[in-house]
Amino acid sequence: RSVQDGQVLWNWEPGLLDESAFIGDVLATQNIVFVSTRSRVYAIDTTTHQAVWVYPYGGALSLSANGVLHVRRKSGPGHISEGIAAINLH
């Protein structure tokens with residue numbers, strides 16, 4: 001949203017119908033926004049507003065100081081097991 005008037009500057013939606021709900025918080029860096037659905041993590045370029053990569057493992061996101069994106073998946077509907085994925089962003 002615009003700081004001046006609150007108007008939406010841009011938005012993004014995953015292309016798959018079953019990917020309509022986001023999980024947890026959105027993480028943002030200088031040039032990438034990370035969002036997660038139940039089954040995937042998306043890295044969205046802040047300039048082009050397009051997904052630059054997709055990781056097939058959804059869950060709660062956290063980003064370490066040394067550039068590792070952690071994805072924590074809980075067991076539940078659509079997930080048969082808990083787990084953590086660590087993605088090196090460098």
For the residue pair Val54 and Arg40, establish whether any side-chain heavy-atom pair is separated by less than 4.5 Å. yes
Counting heavy atoms not belonging to Asp25, are there more than 12 under 6.0 Å from its CG? no
In sequence, state the C-alpha distance, the side-chain angles, and the governing distance for Leu69 and Leu27, and then conclude on side-chain contact (heavy atoms from CB on, under 4.5 Å). CA-CA 10 Å; Leu69 179 68; Leu27 297 180; 3.7 Å; yes
Residues 4-15, side-chain donor-acceptor partners within the protein, below 3.5 Å, at least two apart:
residue: Gln4; atom: OE1; partner: Ser2; partner atom: OG; Å: 3.0
residue: Asp5; atom: OD1; partner: Ser2; partner atom: OG; Å: 3.2
residue: Asp5; atom: OD1; partner: Gln7; partner atom: N; Å: 3.0

Closest non-hydrogen atom pair, His70 against Ala86: CD2-CB, 4.0 Å
Ignoring hydrogens, what is the shortest heavy-atom contact between Ile23 and Ala60? Give both atom names and the distance. CG2-N, 4.2 Å
I'd like to know if the side chain of Tyr57 reaches the main chain of Ile84, judged simply by a donor and an acceptor atom lying under 3.5 Å from each other, with no hydrogens or angles considered. yes
What distance separates Trp53 CH2 from Ile32 CD1, expressed to the nearest 0.5 Å? 8.5 Å
Give, for atom CZ of Arg38 and atom CZ of Arg73, the distance between the pair rounded to the nearest 0.5 Å. 10.5 Å
Start with the C-alpha gap between Asn31 and Thr29, add the side-chain angles, then the distance that decides, and say whether side-chain contact (heavy atoms from CB on, under 4.5 Å) holds. CA-CA 6 Å; Asn31 60 334; Thr29 66; 3.4 Å; yes
After noting the C-alpha distance and the side-chain angles of Phe34 and Val26, does the key distance pass the side-chain contact (heavy atoms from CB on, under 4.5 Å) rule? CA-CA 6 Å; Phe34 299 97; Val26 173; over 6 Å; no
Between the main-chain N or O of Val68 and the side-chain N or O of His90, is there a donor-acceptor pair closer than 3.5 Å? no
Nearest heavy-atom approach of Gly59 to Ser36 is N-OG, 2.8 Å
Show, in sequence, the C-alpha distance, side-chain angles and deciding distance for Leu61 and Val41, and conclude whether the side-chain contact (heavy atoms from CB on, under 4.5 Å) test is met. CA-CA 9 Å; Leu61 304 176; Val41 172; 3.8 Å; yes
